[in-house]
Amino acid sequence: MNNPDESRQDGTPLARARKHDAAATRAALTGAAALRFGRYGYNGTRVRDIAGDAGVDAALVYRYFGSKEALFEAVSTSTALFEPLRGLPLEDVAAWVRDVVLNAPTQGEVPHPVLSVLRSSGQEGAVARLRGEIAEVFSEGFAGRLEGPDAGLRAELLAAWLLGATLMRMAIGTPELVSASDGALLRCLRAGIDPLLDPPGGHEGPGERRPPGADPDPDPDLDPGTGTGP
């Protein structure tokens, strides 16, 4: 798996597939395609560049999707942009989110999932589809990789970070997100995302984290000053 800080000269982050892993290869291709199509549009994106970003041969694009048109359709109608989360090391998630936010298109040639729902003529069905996709990727898949309490909630909050930040930069164009530097954005994202991945208190539940050196099981009947009973 690649380091999300690694990127091509044009700034497009590399999303390397793992060898002999079909699911990871497909996820890497869809993630790379979403960023390429969003940044350069359909006509400005070449299949070999998508494959290069994913670290695979261009022939695999046709093997998994059949054509460039089919890959564009897959990316445009789903949460394919978030597929790399399935295999991304947890310590790399914040940097990957930074890459997604910075490379989110500002003109929307590849529709944002939330915008697609809002613009859909059958909004109720579109909402249900997006909810199902988010549940499958985050609430179930990504949550299964998290330890500690409230894993599902923390996974959905990560989805909120992704969808909200990309929507504000892509469609709304808020000034600070549009002009944010790599370092500043990563610093702020880590402050919000890292606690979701490894929450304070670890596996002990909310409010139960003990300071270093504390007695793991103090006797409630002992006087804390003397260590003796009543």
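This one's a predicted model, so the numbers in the text were calculated from it and none came from an experiment. Computation of the quantities below employed the complete heavy-atom set of this structure, encompassing side-chain atoms and omitting hydrogens, waters and symmetry-equivalent molecules.
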(request) Give a yes or no on whether the backbone of Leu88 and the side-chain of Arg145 come within a donor-acceptor separation of less than 3.5 Å. (result)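 Yes; at least one donor-acceptor contact below 3.5 Å.
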(request) Would you check if the side chain of Lys68 reaches a backbone N or O of Tyr62 as a donor-acceptor pair within less than 3.5 Å? (result)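 Checked: no pair found.
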Grab the two heavy atoms, one from [X] and one from [Y], that are nearest each other, plus how far apart they are.
X      : Y      : value
Leu146 : Ala155 : CD1-N, 4.2 Å
Ile50  : Ala32  : O-CB, 3.8 Å
Val61  : Ala51  : CG2-CB, 4.3 Å

To the nearest 0.5 Å, tell me how far [X] [atom1] sits from [Y] [atom2].
X      : Y      : atom1 : atom2 : result
Leu158 : Leu153 : CG    : CG    : 11.5 Å
Arg187 : Arg98  : CZ    : CZ    : 12.0 Å
Leu196 : Asp150 : CG    : CG    : 10.5 Å
Ile134 : Leu162 : CD1   : CG    : 9.5 Å
Arg26  : Leu60  : CZ    : CG    : 12.0 Å

(request) Only pairs at least two apart or in different chains count here, so list each side-chain hydrogen bond (donor to acceptor under 3.5 Å, both in side chains) that has a residue in residues 151-164. (result)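 Counting only pairs at least two positions apart or across chains, the side-chain hydrogen bond (donor to acceptor under 3.5 Å, both in side chains) contacts touching residues 151-164 are Ser139-Glu156.
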(message) Just so I know, are the side chains of Leu71 and Tyr64 near enough to count as touching, which here means a heavy-atom distance under 4.5 Å?
(response)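 With C-beta onward as the side chain, the pair stays apart.
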(request) Find out whether Leu197 and Phe142 are in side-chain contact, i.e. whether some heavy atom of one side chain is under 4.5 Å from a heavy atom of the other. (result)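 Side chain of Leu197 against side chain of Phe142, heavy atoms only: contact under 4.5 Å found.
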(request) Assess whether side-chain contact (heavy atoms from CB on, under 4.5 Å) is satisfied between Thr45 and Phe72, documenting all intermediate values. (result) CA-CA 10 Å; Thr45 297; Phe72 180 78; over 6 Å; no
For residues 174-186, please give each side-chain donor-acceptor pair under 3.5 Å, one per line with the distance, not counting sequence neighbours.
{"from": "Ser179", "atom 1": "OG", "to": "Pro175", "atom 2": "O", "distance (Å)": "2.8"}
{"from": "Ser181", "atom 1": "OG", "to": "Ala184", "atom 2": "N", "distance (Å)": "3.2"}

(message) Can you list everything that forms a side-chain hydrogen bond (donor to acceptor under 3.5 Å, both in side chains) with Glu136? Sequence neighbours excluded, please.
(response)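 Listed in chain order: Arg86.
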